[in-house]
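Numbering of ligands and ligand atoms starts at 1, following listing order.
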Amino acid sequence: MIKVKKRKILLLPGDGIGPEVILEVKKIINWFNDKKSLDFEIDQELVGGCSYDKHGTPITDEVFYKALESEVIMLGAVGGPTWDNLEFSKKPERALLKLRKELKLFANLRPAICFKQLVDASTLKPEVVSGLDIMIVRELTGGIYFGEPRGIKPIENGERKGINTHTYTTSEITRVARVAFDLARKRSNKVTSCEKSNVMEAGQLWKEEVKELHEKEYKDVELSHMLADNCAMQLLRNPKQFDVIVTDNLFGDMLSDQASMLTGSLGLLPSASLGAKNKDGEMRAMYEPIHGSAPDIAGQGIANPIASILSFAMALRYSLDLDKEADVLEKAVQDVLNDGLRTKDIMSEGMKETSTSAMGDAIISKLQ
Ligand code: NAD
């Protein structure tokens with residue numbers, strides 16, 4: 001069994017704008033090492049399309065083992081049109097799925113925060129989204145994306161049948177619900193659990209297990225249950241009613257994308273995928289911006305690095321037990337936005353347009 005090495009950070013920049021935004025994260029990690037005498041050990045490797053180009057596979061065994069022994073993985077993004085026509089097993093995204101599955105990263109945390117400086121970037125009215133701060137906890141390694149049987153098979157009369165199976169067990173539900181309750185205790189102490197218990201047995205089990213765990217261990221947290229379709233509607237109607245939302249893999253995929261777009265800007269939102277703690281309290285985790293590799297702007301030096309930098313702030317908070325440093329980094333980002341600095345994707349009248357690296361430098365100067 002491969003041990004997790006404390007404070008080891010593996011950078012996997014990936015494709016497209018991935019290397020550009022992860023470079024800014026690297027500068028910040030180096031700043032913490034130099035100025036705050038933190039002892040992060042950084043390593044960097046290829047993953048995704050660039051790994052396929054060099055090694056014929058989206059992730060080599062060597063890189064996979066390095067990921068296994070790293071406390072934190074910082075991923076940029078993978079994929080792009082160059083690799084769209086590769087066979088399924090060679091596609092860049094297979095590397096991500098392998099990492100999530102083999103590292104057992106079952107809890108995906110996606111904050112949707114509406115920065116007050118950017119409230120106009122949302123398609124919703126400012127009063128609906130201003131001050132928005134939701135955390136969506138999506139189950140990431142179970143449910144219909146992994147359930148068996150699955151496949152496409154021929155049936156009578158020349159038709160074909162596509163099959164996927166939606167399954168959840170008690171332990172799969174309770175471990176992710178526990179993450180949500182623990183997070184809520186550090187926030188506004190409210191959890192909304194979403195499923196389709198009205199039409200799906202797995203949804204009924206989800207609701208029962210969350211309820212039971214709440215009764216046994218988390219009575220101090222306010223819990224409500226909501227049907228996932230209603231949650232989609234409520235996210236548009238009155239998103240500020242939510243604090244932490246916990247839901248399964250499929251509904252979480254959709255609800256978290258919907259919630260992130262309430263804030264109007266892909267280049268600002270971080271995410272974390274957390275595994276279980278072992279008996280020594282060690283946990284594997286991968287942090288990444290929610291955006292993709294943005295091939296349309298790659299190589300131009302205009303990508304917004306804030307989503308990746310805030311992903312590192314999440315790593316400081318959730319993996320490295322450095323809450324104070326996370327606060328400082330998040331505040332530096334806010335300060336830079338207050339100064340009117342904007343990358344092209346969030347540029348508006350009267351603001352100062354800046355490049356990827358100048359944005360990173362400005363954030364570092366606020367850390368000083
Ligand atoms: P995308 O997120 O890459 O881009 C969508 C739009 O947002 C583009 O116009 C892009 O320029 C812009 N954008 C995204 N991030 C930005 C940033 N940091 N700064 C400024 N603008 C930004 O989504 P897409 O175009 O659907 O996908 C492109 C590729 O990325 C595809 O190959 C897809 O499979 C892959 N992808 C990877 C991940 C991942 O690695 N986790 C996630 C989503 C998509």
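The parts of V78 lying near ligand 1 are both backbone and side chain, judged by heavy-atom distances below 4.0 Å. With a 4.0 Å heavy-atom cut-off, ligand 1 is reached by no atom of P92. At a 4.0 Å heavy-atom cut-off, ligand 1 does not touch V21 at all. Counting heavy atoms under 4.0 Å from ligand 1, residue N304 touches it through both backbone and side chain. Counting heavy atoms under 4.0 Å from ligand 1, residue L75 does not touch it at all.
Ligand-side atoms of ligand 1 in range of A77: 40 (O), range being under 4.0 angstrom from any heavy atom. Short contacts between ligand 1 and A303, defined as distances under 4.0 Å to a heavy atom of the residue, involve ligand atoms 19 (N). Short contacts between ligand 1 and L96, defined as distances under 4.0 Å to a heavy atom of the residue, involve ligand atoms 39 (C), 40 (O), 41 (N). Heavy-atom contacts of G79 reach the following atoms of ligand 1: 32 (O) (cutoff under 4.0 Å). Close approach of ligand 1 to D345 is summarised as follows: ligand atoms under 4.0 Å from at least one heavy atom of the residue are 19 (N), 20 (C), 21 (N). Within ligand 1, the atoms closer than 4.0 Å to a non-hydrogen atom of E288 are 41 (N), numbered from 1 in the order shown. Within ligand 1, counting atoms from 1 as listed, the ones closer than 4.0 Å to a heavy atom of I17 are 15 (N), 16 (C), 17 (C), 18 (N).
The protein heavy-atom contact nearest to atom 28 (C) of ligand 1 is P295 CD, 3.5 Å. Of all protein heavy atoms, the one lying nearest to atom 29 (C) of ligand 1 is S293 OG, 3.2 Å. Regarding atom 31 (C) of ligand 1, its nearest protein heavy-atom neighbour is G80 N, 4.2 Å. When hydrogens are left out, the protein atom nearest atom 13 (N) of ligand 1 is A294 CB, 4.0 Å; that is the closest non-hydrogen contact. Looking only at protein heavy atoms, the nearest one to atom 22 (C) of ligand 1 is I297 CD1, 4.0 Å. From the protein, the heavy atom lying nearest to atom 33 (C) of ligand 1 is E93 OE2, 4.2 Å. Closest to atom 7 (O) of ligand 1 among all protein heavy atoms lies L266 CD2, 3.6 Å. Of all protein heavy atoms, the one closest to atom 9 (O) of ligand 1 is D296 OD2, 2.8 Å.
For the 3.5 Å distance criterion, the side chains of E20 and Q300 fail to qualify, holding no donor opposite an acceptor. Using modelled atom types, one finds no donor on one side chain facing an acceptor on the other under 3.5 Å when comparing S273 with Y287.
In summary, K5 and E282 do not engage in a salt bridge, as defined by a charged side-chain N under 4.0 Å from a carboxylate O. Between R7 and E41, none of the side-chain N atoms (NZ, or NE/NH1/NH2) sits under 4.0 Å from a carboxylate O, so this pair counts as no salt bridge. Salt-bridge formation is detected for the pair E24/K27: a Lys NZ or Arg NE/NH1/NH2 atom is positioned less than 4.0 Å from an Asp or Glu carboxylate oxygen. By the 4.0 Å N-to-carboxylate-O rule, K240 lies too far from D133 to be salt-bridged with it. The pair E288-R100 meets the salt-bridge criterion, since a charged nitrogen lies less than 4.0 angstrom from a carboxylate oxygen.
The residue from F251, F106, W206 that alone fulfils the ring-ring contact (aromatic ring centres under 6.0 Å, His included) condition with Y168 is W206. Only one option out of D335, D339, D361 pairs with K366 in a salt bridge (Lys or Arg N to Asp or Glu O under 4.0 Å); it is D339. Test L68, L12, I9, L105 against I73 for side-chain contact (heavy atoms from CB on, under 4.5 Å) and you get one pass: L12.
Here D43 pairs with K8, L10, E45, K66 under the side chain to side chain contact (heavy atoms under 4.5 Å, CB included) rule; sequence neighbours left out.
Using a 4.0 Å threshold on non-hydrogen atoms, atom 40 (O) of ligand 1 counts as touching the protein. Atom 26 (O) of ligand 1 is never approached by the protein to below 4.0 angstrom, counting heavy atoms only.
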Throw together a table of side-chain donor-acceptor distances under 3.5 angstrom for residues 142-154, partners on residues two or more places apart or in other chains.
{"from": "Y145", "atom 1": "OH", "to": "D253", "atom 2": "OD2", "distance (Å)": "2.9"}
{"from": "R150", "atom 1": "NH1", "to": "Y145", "atom 2": "O", "distance (Å)": "2.7"}

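In this structure, K98 satisfies the cation-pi test against F64, with its NZ or CZ atom closer than 6.0 Å to the six-membered ring centre and inside 45 degrees of the ring normal.
In this structure, of G49, G292, A298, the residue bringing a heavy atom nearest to atom 44 (C) of ligand 1 is G292.
Not a single heavy atom of K344 sits closer than 4.0 Å to an atom of ligand 1.
Between F181 and Y218, the ring planes are parallel. Angles under 30° get that label, and only those over 60° would be called perpendicular.
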